[in-house]
Asker: 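The structure that follows is given in the form of structure tokens.
Each chain gets a letter, A, B and so on, in the order its sequence line appears, and its residues count up from 1. Computed from a predicted model, the values in this text were never measured in an experiment.
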Amino acid sequence: MKQRVSALLREKLGREVVLEKPRDRSFGHFATPIAFSLAKELRKSPMLIAEDLASSFKDSSEFSSVESVKGYLNFRLSEDFLAEYATWALENPTAFAKQKKNQKILLEFVSANPTGPLHIGHARGAVYGDTLYRLAKHLGYDITAEYYVNDAGNQIDLLGLSIQLYARENILSEIDVEYPESYYRGEYLKDLANGAKEHFGIEILSDVSRQKELAMWAKDKVMEIVVDSLANTNIHFDTFVNESGLYSDWDRVMKKMGDNVYEKENKLWIKSKSKGDDHDRVVVRDDGRPTYLAGDIVYHNQKFERGYDHYINIWGADHHGYIPRVNAAIDFLGYDSSKLEVLLAQMVSLLKDGEPYKMSKRAGNVILMSDIVDEIGSDALRFIFASKKSDTALEFDLAEFKKQDSSNPIFYIQYAHARIQTLLSKATVSREDIENANLKNLGENADTLLFDALLLPEIVEDAFSSRQVQKLPEYLKSLAASLHKFYYDVRMIGTEDEAKLLKLLLVVALSIKTGLSLMGIEAKDRMLKEEE
RNA sequence: GCGCUCGUAGCUCAGCUGGAUAGAGCACUGGUUUGCGGUACCAGUGGUCACACGUUCGAAUCGUGUCGGGCGCACCA
């Protein structure tokens with residue numbers, strides 16, 4: 001709709017026009033302050049310009065009125081235009097708000113180390129990434145969701161060690177097991193230790209020389225746990241790339257970097273400082289082991305060789321200092337680093353009884369994503385995280401998070417959808433009558449609701465292109481509110497307008513359902529009643 | 001110290017490519033059924049948009065500075 005209106009304006013004025021939502025709906029559907037910016041050039045008062053423009057739209061069929069108010073230009077779409085659009089949407093529900101973009105995007109997110117289950121901090125990036133993915137898919141982008149598995153390096157050795165330590169104390173009942181500070185703890189080690197015992201035999205639990213073997217087996221098991229808990233939240237990946245599989249390409253990639261790599265102190269460095277990084281960075285240590293960055297260089301080379309138009313990485317905010325060196329490496333490889341967009345998901349900090357609650361994988365007191373999902377459900381979790389702007393640090397109380405009442409708007413939205421289904425089931429007219437009804441002369445309230453429901457395509461486009469996923473839940477909340485209000489203001493069943501009013505509700509339901517599905521949430525047809 | 005980022009109602013957060021009286025939910029107060037699930041609706045209380053200066057016809061929004069919070073400043077991932 002908005003596109004249509006801007007196109008008309010562009011034609012008329014020969015320039016791009018900023019369209020905005022009027023503060024008050026009585027002003028119309030769209031508004032523009034264009035007259036203010038024209039005032040200077042034309043040396044006329046904004047009021048006069050707006051008047052002139054308004055009268056020039058008198059004959060257009062898209063608008064029922066175009067008015068100038070205090071220099072603003074307010075547009076009201078015609079009933080014909082809205083009715084036609086709504087009818088089209090109902091006839092093509094799967095095409096509603098869809099587009100066909102011509103761009104191949106690689107989206108990498110979560111990419112948590114396979115050393116333990118996902119905790120609540122990972123959930124934020126996971127929800128954010130998956131929502132972006134769904135939006136992009138709907139908008140017709142050719143997008144791939146990828147998980148980078150860091151299955152090489154110290155943390156994997158540590159996993160093997162941690163399993164053995166757990167087993168020695170709890171399965172082999174050794175006393176005086178000494179724990180280094182950096183080992184992992186947590187319930188999941190128990191399952192891994194028992195699983196290893198079954199798979200390899202009990203000896204592997206105490207044989208230090210087999211730590212590596214144990215770790216390589218365990219990290220795959222951990223990945224199964226991770227994938228499983230993501231799936232429980234409706235998050236799926238198209239591809240997984242293992243760090244350990246990338247190093248066979250090492251020599252070729254280094255050659256590609258040319259003289260941007262040099263040797264010093266028996267280590268290998270890249271000249272990232274010349275690209276704005278604080279220092280040059282080590283990629284291979286003097287004992288020959290590659291650093292974390294080494295893996296990322298090979299990985300990003302592989303990404304760019306696969307030939308996408310655009311790359312998005314979602315990282316935790318604590319990795320932001322890492323961006324310059326990765327960009328430097330991409331440039332050195334001969335690719336355009338501006339094609340890589342890094343989105344940072346800010347930290348999630350927890351409060352428990354009003355006190356900051358420190359999670360640490362190594363202390364074993366992490367709040368697992370799967371625990372929260374068990375407790376409040378995937379829908380509520382997704383809604384909460386998708387509602388927050390990703391670049392704001394988030395703080396919440398654990399108790400608050402567990403509440404399942406109206407303080408969580410997902411229930412409010414679901415209720416709106418369920419309410420519509422109830423009304424439809426009580427209809428005294430046939431489904432066919434409803435679908436064929438003419439959406440005209442609905443009255444002001446209904447007209448407003450219809451317009452709100454048809455706004456979804458703009459929201460989806462905006463939410464994705466600005467990477468501001470929270471715009472979708474915001475919209476759904478306000479649409480649900482409009483619906484609830486409408487329900488109280490207007491009686492539908494049994495009235496002579498029943499068919500067209502229910503058709504209007506079908507449009508609202510379509511928007512809610514489509515919007516929720518873009519957040520990985522399924523719209524409910526009925527709410528479970530409390531008590532029996 | 002340097003870099004990134006945030007600072008909007010008691011709380012959790014929207015609004016930020018400058019534009020019409022600063023929004024929502026929660027909390028608090030008071031109301032709403034002869035009407036389709038009251039898990040809802042309506043109304044009210046509550047704001048120097050951290051502070052200062054600047055740009056502008058116009059600033060929560062842009063710029064500079066100050067203060068405050070978070071994160072980073074590894075050959076850890």
Asker: Just to confirm, is there a sub-4.0 Å distance from OP1 or OP2 of B:rC6 to any side-chain nitrogen or oxygen of A:K389?
Answerer: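 Answer no for this pair, as no side-chain N or O of A:K389 is under 4.0 Å from OP1 or OP2.
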
Asker: Across the strands shown, which category fits A:R526 at heavy-atom distances under 4.0 angstrom: base, sugar-phosphate, nothing?
Answerer: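 Base, at least one base atom sits under 4.0 Å.
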
Asker: When we call it a touch if two heavy atoms are under 4.0 Å apart, what does A:H484 touch: a base, just sugar-phosphate, or nothing?
Answerer: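 The residue A:H484 makes sugar-phosphate contact but no base contact.
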
Asker: For this output row, return yes or no: ring centroids of A:H29 and A:F75 closer than 6.0 angstrom.
Answerer: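 No - the distance between ring centres of A:H29 and A:F75 does not fall below the 6.0 Å cut-off.
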
Asker: May I ask you to evaluate whether A:Y487 reaches the phosphate of B:rA40, defined as a side-chain N or O under 4.0 Å from OP1 or OP2?
Answerer: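 Answer is no, no contact under 4.0 Å.
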
Asker: Start at the 5' end of RNA chain B and walk down; is the nucleotide closest to A:H279 or to A:T422 reached first?
Answerer: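 Counting from the 5' end, the first nearest nucleotide belongs to A:T422.
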
Asker: Between A:D331 and A:K275, is there a salt bridge with N-O shorter than 4.0 Å?
Answerer: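 Result for this pair is yes, salt bridge flagged.
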
Asker: B:rG38 phosphate, OP1 or OP2: any side-chain N/O from A:R419 under 4.0 angstrom?
Answerer: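 It does, given that an N or O in the side chain of A:R419 lies less than 4.0 Å from OP1 or OP2 of B:rG38.
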
Asker: Considering every strand and a 4.0 Å limit on heavy-atom distances, what is the contact class for A:V342: base, sugar-phosphate, or nothing?
Answerer: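 Nothing: the residue A:V342, judged by heavy atoms under 4.0 Å, touches no strand.
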
Asker: With respect to the phosphate group of B:rA77, does any side-chain polar atom (N or O) of A:N154 fall under 4.0 Å of OP1 or OP2?
Answerer: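 Answer is yes, contact under 4.0 Å.
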
Asker: So what's B:rG23 paired with, Watson-Crick or G-U wobble, going by both distances under 3.5 Å?
Answerer: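 The answer is B:rC13, by the H-bond criterion.
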
Asker: Using a cut-off of 4.0 Å on non-hydrogen atoms, how would the nucleic acid contact of A:Q414 be classed: base, sugar-phosphate, or nothing?
Answerer: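 Answer is nothing: A:Q414 stays at 4.0 Å or more from every strand.
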
Asker: Looking at A:Q468, I'd like to know whether one of its side-chain N or O atoms comes within less than 4.0 Å of OP1 or OP2 on B:rA14.
Answerer: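 No, A:Q468 has no side-chain N/O under 4.0 Å of OP1/OP2 on B:rA14.
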
Asker: Would you say A:Y475 places a side-chain N or O within less than 4.0 Å of OP1 or OP2 belonging to B:rA24?
Answerer: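 Indeed not, no polar side-chain atom of A:Y475 lies that close.
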
Asker: Watson-Crick or G-U wobble partner for B:rA59, using a 3.5 Å limit on both distances?
Answerer: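 Checking every strand shown, B:rA59 finds no partner, since no pair has both distances under 3.5 Å.
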
Asker: For B:rC6 versus B:rU64, give the span between their P atoms, rounded off to a whole number of Å.
Answerer: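 Each nucleotide's P atom is 13 Å from the other's.
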
Asker: What does A:N74 touch in the nucleic acid at a heavy-atom separation under 4.0 angstrom: a base, only the sugar-phosphate, or nothing?
Answerer: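 Touches a base.
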
Asker: Expressed in whole Å, how much space separates the C1' atoms belonging to B:rA52 and B:rU48?
Answerer: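 B:rA52 and B:rU48 have their C1' atoms separated by 13 Å.
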
Asker: Check the pair A:E146 / A:Y311 against side-chain hydrogen bond (donor to acceptor under 3.5 Å, both in side chains), numbers first and verdict last.
Answerer: CA-CA 11 Å; A:E146 183 154 292; A:Y311 301 83; over 6 Å; no

Asker: Between B:rG15 and B:rC2, how far is it from one P atom to the other, in whole Å?
Answerer: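 To the nearest whole Å, 31 Å.
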
Asker: Which sits closer to the 5' end of RNA chain B, A:V282 or A:A480, going by the nucleotide each is nearest to?
Answerer: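 Going by which nucleotide is closer to the 5' end, it is A:A480.
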
